[in-house]
*Asks:* 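The structure that follows is given in the form of structure tokens.
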Protein chains: 2
Amino acid sequence: MPTEPPLPPEAAGAPEATRGRRPSTTRADVARAAFGLFDRQGFDETTVDEIAAAVGISRRTFFRYFESKRDVVWGEFDVELVRLRDRLAEAPDREPLLDVLRRSVVATNRFGAGELDELRTRMVLINTVPELVAHAAVRYEAWCAVVAAFAARRLDASPDDLGPQTVARAALGVAMAAFARWAGGAADDLSDEVDRAFRLLATGFDEARLRT
Amino acid sequence: MPTEPPLPPEAAGAPEATRGRRPSTTRADVARAAFGLFDRQGFDETTVDEIAAAVGISRRTFFRYFESKRDVVWGEFDVELVRLRDRLAEAPDREPLLDVLRRSVVATNRFGAGELDELRTRMVLINTVPELVAHAAVRYEAWCAVVAAFAARRLDASPDDLGPQTVARAALGVAMAAFARWAGGAADDLSDEVDRAFRLLATGFDEARLRT
DNA sequence: TCCCATTTTGACATCAAGTGCAGGAAATGG
DNA sequence: CCATTTCCTGCACTTGATGTCAAAATGGGA
């Protein structure tokens, strides 16, 4: 038991001397097939059996690649979370708390033109399908934990204190608002929208500025 | 089709001359039985069959009283939401946006000593059981919609604009933080904690004030 | 080359949440 | 006693998710 026990297939980057039978597909392939079906017939109307059939694996094997049907939508979220944590940790101590947060969140969510379409599809699903809206909360908790930990460090407090907790959840809130607006087509540039959202937060929602 | 079609039993207050067979139990009774089981064996470990058996109804009937097992936890949330909307609507136009919000949320969540225990149980479940954490997001969306509508009115904007959306989600965030801390035992007085959370938000999370 | 350890896969069984439907049971008014 | 209304129930069915166990594939060593 030297390494990770329940890590999904192809998690390690090195395709070195693999010992046993090799995986018949990849998470990415499964996700691709799933997205195709989601696009055509919707999330709820797509059964796990259909996805599995589309990739040529059994239903049981699907659940070895993804813990649940919902998780298909969340691609590399875990990785991005680590990147956010690192960015927050690297920020200079003198920079104001919310500035660091704003810069880091914006930076973490810069995507190439090629990724934007898929990201939008994902975000639309996440903000639209009730089951995914619900499940998102679980993922966002991890995000909050990262931000709360950072705020706690900055404020010399415990992550469970009111300060870090409110900062984290409020930050999550404004970020969600920005993302939802971008996914819904109400905003053109994701980075801009996130930036504006965090600036509003930093003003304490000053009514004069809110009207702009 | 004059009134509501899918309204749960005992929704109307007047127990007047009821025509057909009368309901064999009430939502409150079902909820009570369910909470008892949740307390003893946990939410996931309690099946709908068990709850139904405890109240002496069939599994099928349970789903006529509650849309899902999750919904049992959410008691009178819809009613409280209406109260919040009314309170927000009644606030004087001169009072600052966040002050109205703070006052209204605090006022809406004043509970008598008798209700606090049950409320705490509920909140612990909602913040603890993954399935309920997830489902809470769906309920909170309705809350956000109410707040966003209020903010939009105040700012003479659309509820979908960035201002109202960020205000609503940030407000939700700080409120959740306060509630979670109270439910977890980190705060003694719910109203106080909510009040403090909103005051932090109104300062734009000024670092000096955050350290208190 | 043959066997073994390792890893993935698949078939099967099982459980629990929901849902649609058809019919039965209780209550009221005539 | 009958008609009507309302509620309850049992059953079949779909779907997501999980446990178990044996078979298939693959590399390493004797």
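To find a chain, count down the sequence lines: A is the first, B the second, and so on, and within it residues start at 1.
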*Asks:* For B:S24 and for A:F63, locate the closest nucleotide of DNA chain D by heavy-atom distance; then report the residue assigned to the nucleotide nearer the 5' terminus.
*Replies:* B:S24
*Asks:* Using a strict 4.0 Å threshold on nitrogen-to-oxygen distance, state whether B:D99 and B:R103 make a salt bridge.
*Replies:* no
*Asks:* How many whole angstroms separate atom NZ of B:K69 from atom C1' of D:dG16?
*Replies:* 14 Å
*Asks:* Are the charged groups of B:R181 and A:D160 less than 4.0 angstrom apart, N to O?
*Replies:* no
*Asks:* Please report, rounded to the nearest Å, how far the P atom of C:dG20 is from the CD atom of B:E67.
*Replies:* 11 Å
*Asks:* Name every residue in residues 43-59 of chain A that has at least one heavy atom under 4.0 Å from any atom of DNA chain C, in order of residue number, or write none if there are no such residues.
*Replies:* A:G56, A:I57, A:S58
*Asks:* Can a side chain N or O of B:Y65 be found less than 4.0 Å away from OP1 or OP2 on D:dC8?
*Replies:* yes
*Asks:* For B:D71 and C:dA17, give me the distance from atom CG to atom P, rounded to whole Å.
*Replies:* 14 Å
*Asks:* To the nearest 0.5 Å, what is the distance between CG on A:L200 and CZ on A:F205?
*Replies:* 6.0 Å
*Asks:* Please produce a list of atom pairs where a protein N or O lies less than 3.5 Å from an N or O of nucleotides 19-21 of chain D.
*Replies:*
{"from": "D:dG19", "atom 1": "N7", "to": "A:R60", "atom 2": "NE", "distance (Å)": "3.4"}
{"from": "D:dG19", "atom 1": "N7", "to": "A:R60", "atom 2": "NH2", "distance (Å)": "3.2"}
{"from": "D:dG19", "atom 1": "O6", "to": "A:R60", "atom 2": "NE", "distance (Å)": "2.9"}

*Asks:* Given atom CZ of A:F66 and atom P of C:dT9, what is their separation to the nearest angstrom?
*Replies:* 13 Å
*Asks:* Hey, are A:R199 and A:D195 close enough for a salt bridge, meaning a charged N less than 4.0 Å from a carboxylate O?
*Replies:* yes
*Asks:* Hey, are the side chains of B:V55 and B:R32 touching, using non-hydrogen atoms and a 4.5 Å cut-off?
*Replies:* no
*Asks:* Kindly state each residue pair satisfying salt bridge (charged side-chain N to carboxylate O under 4.0 Å, His left out) with at least one member in residues 76-90 of chain B, sequence neighbours excluded.
*Replies:* B:D78-B:R139
*Asks:* Rounded to whole Å, please give me the gap between CG in B:L132 and C1' in C:dA17.
*Replies:* 14 Å
*Asks:* Using ring-ring contact (aromatic ring centres under 6.0 Å, His included), reason through B:F77 and B:W74 one step at a time and then give a plain yes or no.
*Replies:* CA-CA 6 Å; B:F77 183 77; B:W74 286 89; 5.0 Å; yes
*Asks:* Measure all distances between protein nitrogen or oxygen atoms and nitrogen or oxygen atoms of nucleotides 1-5 of chain D, and list the pairs falling under 3.5 Å.
*Replies:*
none

*Asks:* For residues 22-43 of chain B, which residue pairs pass the ring pair (Phe, Tyr, Trp, His ring centres under 6.0 Å) check, not counting sequence neighbours?
*Replies:* B:F38-B:F43
*Asks:* Who are the salt bridge (charged side-chain N to carboxylate O under 4.0 Å, His left out) partners of A:R59, not counting sequence neighbours?
*Replies:* A:D49
*Asks:* Rounded to the Å, how far apart are A:F62 CZ and C:dA11 C1'?
*Replies:* 18 Å
*Asks:* Does CG belonging to A:D189 count more than 12 external heavy atoms closer than 6.0 Å?
*Replies:* yes
*Asks:* Roughly how many Å is it from CZ in A:R22 to C1' in D:dA25, rounded to a whole number?
*Replies:* 8 Å
*Asks:* A quick test of your reading: do over 12 heavy atoms of other residues, nucleotides or ligands sit less than 6.0 Å from CD of B:E67?
*Replies:* no
